[in-house]
Amino acid sequence: MASKKPLAAIRGFAMSDLSRQYIGPTWQLAVAAIHRAIADAGLKKSDIDGLLINKSPVATLMDLPMDLLDYAGLKDLTLCGVVEAEGSSGVQMVQQAALAVQAGMAKAVVCVFSDAPIVPGVSTQQAFGMPLPLMGKLGSEAPTGLFGPVAAYALAARRYMHKNKLTEDHLGAVAVACRQWALKNPLAMMKKPLTMEDHHNSPYVVDPFHLFDCSFPVNGAVAVVVTSAASAADGPQPAVYVHGMGQGHRGVTNRRGFENEIEIGARLAGEGAYAMAGVGPKDIDCAQVYDAFTYCILLQLEQYGFVAPGGAGEFVLAGQTAPGGSFPVNTGGGQLSGYYLQGGTPLSEGVMQTRGTAGERQVKHDLVLTAAYGGRMMYHACMITSPHASL
Amino acid sequence: MYDITRIQGWPMPVLNELNRPHFDAMAEGKVLVQHCPDCATWLAPGAFLCENCGSTGVQWRQASGRGEIYSYVVMHRTFDPAFEAMVPYNVCLIELEEGPRLLANVVGVANADLTIGSPVQATFESVGEGLPLLKFKPA
Ligand SMILES: [Zn+2]
């Protein structure tokens, strides 16, 4: 591998309390995570000169406003803004912070995702149950009854399954692997073992997705402090060096010749990050990816180059991504069995694995790929991190 | 997200100049999509320019109504009372023979018999309190 200096590093990391019940407004959870992350970094509030904010795409700016800096007691920032790239923002924030640190615009940038979709009077089902324009521009989801992200993703999954001759066993294997990891993660919400039979016997939400193909809303926040590599090396925690970053955005083209369900921007994002880090998918030890639905892990395994196109179903069915497998994926249980905090989920597990602080679920972590996407897998951002300053 | 309204009691997107012709044509039994006169690309409705060549001269044009099922789901839950009596109901992505893909419900076939690639033909059915809506049936 080429000897390359890191672009920047994650010096501090923390989460708010996580809950499947209402534990406070979005901004309050964000402030808790921010303060804990600053303390984790061994810094004071006065050391922070940048703030990047990521709200849920279905929340409003009122839920997590720019004046979060006042609520958090941050002053005299030289960088402050909202990163609005849907679910990919969790990773995009770190990318933008790294660029700002490199350019000298800021020295210590707090990046925060926070969401509280579960509020009194709104069920967890209702939290994401609106028609979303995930199929293109027209808005024909409502008259045809295609509600929620689950339906749009199920439509994509069916096409992918058809093309690759996959069955519900392949989806179920993803859910089972994630649950096996979750059982090793004290932060994970799902505490009961899950079998393939449990998966198949769970009710359909939107066929082909059973209940256990879907993630579930959680209230909580994730924050990191991004600094220069040198600063992070001086911090109290193991530095998480960022060696590669990439994005890929392919959009949705609703006509023949475009298979938005199978070819997504993740390929482009991965190629960019690998080239920047001077490594390839074969060098990566584990991956933390956005997994709102089981199908998403399968497709990303292929698009990020870990498995040949069409091969992910058999790869996961053989247990390769589960504990003890050849390529650990979503080692905290992911969004499917851990906690759904959008891009904050892979970000948090990516940091813990790279630091080597993942306890019972720790895997080899010389190179970790962390990836997040938004929309119906339209917007992708990823990064390659390492505990080593030079590769 | 986009704004949802009710027309004849049925959930619909708020209509504007970009989507209204497509929905209005349903009352006349027509499948109206868009077509670029500059590069001859057929486009799914809602385009204000051609995503292939960038032309702003995109025109509305009637499609044949023939197509095939590109993908489909069966909704076992819904979040709108209009659909409650229909559960489980299908929503399909139909690839028209001209190329654009449209979301629609397919009627006249059991959900268990839906298959990707099977040919379908446009049909129109009233929903809600009499709103004509584009559906598809086996061809
Ligand atoms: Zn054109």
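All values below were derived from every heavy atom in this structure, side-chain atoms included, with hydrogens, water molecules and symmetry-related copies excluded. Just so it is clear, the structure is predicted and the values come from calculations on it, not from any experiment. Letters A, B, ... are given to chains in the order of the sequence lines, protein chains preceding strands, and every chain is numbered from 1.
Between the side chain of S71(B) and the backbone N or O of A156(A) there is no donor-acceptor pair closer than 3.5 Å. The backbone N or O of T144(A) sits less than 3.5 Å from a side-chain atom of N105(B), completing a donor-acceptor pair. A donor-acceptor pair under 3.5 Å is formed between the side chain of Y89(B) and the backbone N or O of G145(A). R256(A) places a side-chain N or O within donor-acceptor distance of the main-chain N or O of E97(B), the cut-off being under 3.5 Å.
Atom NE2 of H76(B) and atom CZ of F209(A) lie 13.0 Å apart (nearest 0.5 Å). Here the CG-CZ distance, from L146(A) to F83(B), works out to 9.5 Å after rounding to the nearest 0.5 Å. Taking CG of N254(A) as the reference point, atom CG of L93(B) lies at 6.0 Å (rounded to 0.5 Å).
At least one side-chain heavy atom of Y72(B) sits under 4.5 Å from a side-chain heavy atom of R158(A). Side chains of V150(A) and R77(B) form no contact here, defined as non-hydrogen atoms less than 4.5 Å apart. The shortest side-chain heavy-atom distance between T253(A) and R101(B) does not fall under the 4.5 Å cut-off. Looking at I69(B) and H162(A), their side chains never come closer than 4.5 Å, going by heavy atoms from C-beta outward. Counting heavy atoms from C-beta on, the side chains of P143(A) and P13(B) come closer than 4.5 Å. F147(A) is listed as a side-chain neighbour of D80(B), based on a closest heavy-atom distance under 4.5 Å.
More than 12 heavy-atom neighbours from other residues, nucleotides or ligands sit within 6.0 angstrom of CD on E28(B).
Nearest heavy atoms, R255(A) versus W42(B): CD-O, 3.4 Å. The two residues Y70(B) and R159(A) come nearest to each other via the heavy atoms O-NH1, 2.9 Å. Taking both residues in full, the closest heavy atoms of V91(B) and L155(A) are given as O-CD1, 3.9 Å, listed atom of the first, atom of the second, then distance.
In this structure, chain A has no heavy atom under 4.5 Å from any part of L131(B). Looking at T41(B), the atoms closer than 4.5 Å to chain A (heavy atoms on both sides) all sit in the side chain, from C-beta outward. Interface remark: I116(B) contributes backbone and side-chain atoms alike to the contact with chain A (heavy atom separation under 4.5 Å).
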